[in-house]
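To start, the structure under review is shown below, and the notes come after it.
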Number of protein chains: 2
Amino acid sequence: MRPSALLKGCLEPIVLQMLKEHGRMYGYQLTQQVKELTKGELSITEGALYPLLHRLEAAGVLETTVEQMDNRMRKYYSLTRSGKKQAELSQHALTTFIENLQSIFHQPKTAS
Amino acid sequence: MRPSALLKGCLEPIVLQMLKEHGRMYGYQLTQQVKELTKGELSITEGALYPLLHRLEAAGVLETTVEQMDNRMRKYYSLTRSGKKQAELSQHALTTFIENLQSIFHQPKTAS
DNA sequence: TAATAATACCTAAGCAAATTAGGTATTCCG
DNA sequence: CGGAATACCTAATTTGCTTAGGTATTATTA
């Protein structure tokens, strides 16, 4: 198993959380911010991120505004009303999931 | 995204951890024990578990002994020497992964 | 007692979400 | 001038699960 396999399924909650915390963000910024927050230990790939952003926009979870920076495009994403609810749900799901993992990994040692 | 998508990539660390804690266990027992530990919130499916156990055995991470219980077969799995190392590594990977998630989800609120 | 659930193993097809590996175009730095 | 950084994107492939079966024995319950 490759180490990054853990990330599977966590990308969506992460993206929603980032947008909830930071307000609007653009794709490249998301990749950099996550790398920074985790000191380079976690990096989200663009090949996973952009299709996800497009899916979430199509689903009405995110909305976009495009801006120009020195002839370089920036497509800003932000949570819609329903996106904010979605972010809450997804944050809660991840939190209880981690709690469950901890009931497995922090259980008292049993005599073998 | 289906809720259980979070589990992806976590199954192997979970199995190795269970075997590390409990010594030898058989497949069905693993499914029941995880369900119990997480109060039914997390269940590992047999369709995922058995192929994983076989892969880990083929890789020399696990070894097996078969026993008979009232004409019903039980195939016990336990960690090999290298499996114990593998369990440490995988536990460490999961732990730091969770820490990274928490740097994302417990970050201080920024002014938007 | 006959059906159903629980115990215990297994596999194959399909699917969702990632990785890998490209592509375009501009700007910054040595 | 060339490479790294910024900024977007997509398609093919791989991964790791779910779904949905299968076999067989034992326990429960209507």
Side-chain angles (χ1 to χ4, degrees), chain A residues 1-16 18 24-36 40 42-59 61-62 64-77 90 93-94 97 101, chain B residues 1-16 18 24-36 40 42-59 61-62 64-77 90 93-94 97 101:
Chain A
M1 195 190 68
R2 91 172 57 72
S4 62
L6 292 171
L7 196 60
K8 272 183 197 258
C10 294
L11 190 56
E12 183 181 312
I14 287 172
V15 165
L16 295 180
M18 294 295 287
R24 55 181 225 144
M25 297 181 77
Y26 55 99
Y28 185 76
Q29 186 186 9
L30 275 163
T31 67
Q32 300 307 304
Q33 198 76 37
V34 166
K35 215 182 282 176
E36 231 182 76
L42 221 116
S43 32
I44 65 187
T45 61
E46 301 190 341
L49 178 62
Y50 287 115
L52 172 63
L53 289 173
H54 301 162
R55 281 199 303 276
L56 292 175
E57 186 185 5
V61 172
L62 302 181
T64 61
T65 56
V66 177
E67 278 182 29
Q68 213 70 18
M69 280 291 287
D70 313 310
N71 277 13
R72 219 191 269 123
M73 180 178 59
R74 276 185 187 174
K75 198 167 169 187
Y76 281 94
Y77 289 86
S90 136
L94 187 55
F97 177 67
L101 283 184
Chain B
M1 193 191 68
R2 92 173 55 77
S4 60
L6 292 171
L7 196 62
K8 274 183 197 256
C10 295
L11 190 56
E12 183 181 312
I14 288 173
V15 165
L16 294 180
M18 294 296 287
R24 54 181 227 147
M25 297 181 78
Y26 55 99
Y28 185 74
Q29 185 185 11
L30 275 163
T31 68
Q32 301 306 304
Q33 198 75 37
V34 166
K35 214 181 284 174
E36 231 182 78
L42 220 115
S43 34
I44 66 187
T45 60
E46 301 190 342
L49 178 63
Y50 287 115
L52 172 63
L53 290 173
H54 301 160
R55 280 198 301 278
L56 292 175
E57 187 186 4
V61 172
L62 302 181
T64 59
T65 56
V66 177
E67 277 181 29
Q68 213 71 18
M69 281 290 287
D70 313 310
N71 278 12
R72 220 191 266 121
M73 180 177 61
R74 277 186 186 172
K75 197 164 166 188
Y76 281 94
Y77 288 86
S90 137
L94 187 55
F97 176 66
L101 283 183

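Fair warning: this is a prediction, and the values are worked out from it, not measured in the lab. Naming: A, B, ... by sequence-line order, numbering from 1 per chain.
B/Arg74 comes within contact range of the sugar-phosphate backbone alone, with a heavy-atom separation under 4.0 Å but no base atom that close. The residue B/Gly27 sits close only to the backbone: its heavy atoms come under 4.0 Å of sugar-phosphate atoms, none of a base. Across all strands, B/Gln29 comes closer than 4.0 Å to no nucleic acid atom at all (heavy-atom distances).
One interatomic measurement links the two molecules: CG of A/Asp70 to P of D/dA7, which rounds to 9 Å at whole-angstrom precision. Distance CZ (A/Phe97) to C1' (D/dC17): 12 Å, rounded to an integer number of Å. Summarising the geometry, the separation between CG on B/Leu11 and P on D/dG16 is reported as 10 Å, rounded to the nearest angstrom. When the P atom of D/dT10 is taken as reference, atom CG of A/Leu49 falls 12 Å away, rounded to whole Å. Here C/dT27 presents its P atom at 15 Å from OH of A/Tyr28, a figure rounded to the nearest Å. Going from atom CD of A/Glu67 over to atom C1' of D/dA7 covers 14 Å, rounded to whole Å. Put simply, CZ on A/Arg55 is 7 Å from C1' on C/dA17, counting in whole angstrom units. We find that CG of A/Leu52 is positioned 16 Å from C1' of D/dC8, with the value rounded to whole Å.
The distance from atom CG of B/Leu53 to atom CG of B/Leu11, rounded to the nearest 0.5 Å, is 8.5 Å. Atom-to-atom distance recorded for A/Gln32:CD and A/Ile44:CD1 is 9.5 Å, nearest 0.5 angstrom.
Residues that satisfy the salt bridge (Lys or Arg N to Asp or Glu O under 4.0 Å) test with B/Glu67, not counting sequence neighbours, are B/Arg24. A search for side-chain hydrogen bond (donor to acceptor under 3.5 Å, both in side chains) contacts involving B/Tyr26 returns B/Arg74, not counting sequence neighbours.
Closest-nucleotide positions on DNA chain D for A/Ala48 and A/Met69 were compared, and the one nearer the 5' end corresponds to A/Met69. Mapping B/Arg72 and B/Tyr77 onto DNA chain C by nearest heavy atom places B/Arg72 at the nucleotide closer to the 5' end.
Residue A/Tyr50 has no polar side-chain atom (N or O) positioned under 4.0 Å from OP1 or OP2 of D/dC9. Within the structure, a side-chain polar atom (N or O) of A/His54 is placed less than 4.0 Å from OP1 or OP2 of D/dT10. In this model, the phosphate group of D/dA7 is approached by a side-chain N or O of A/Tyr26 to a distance below 4.0 Å at OP1 or OP2.
Between the side chains of A/Ser90 and A/Glu12, no donor N or O sits under 3.5 Å from an acceptor N or O.
Picking from D/dT26, D/dC8, C/dC9 the nucleotide with the shortest atom distance to the side chain of B/Glu46 gives C/dC9.
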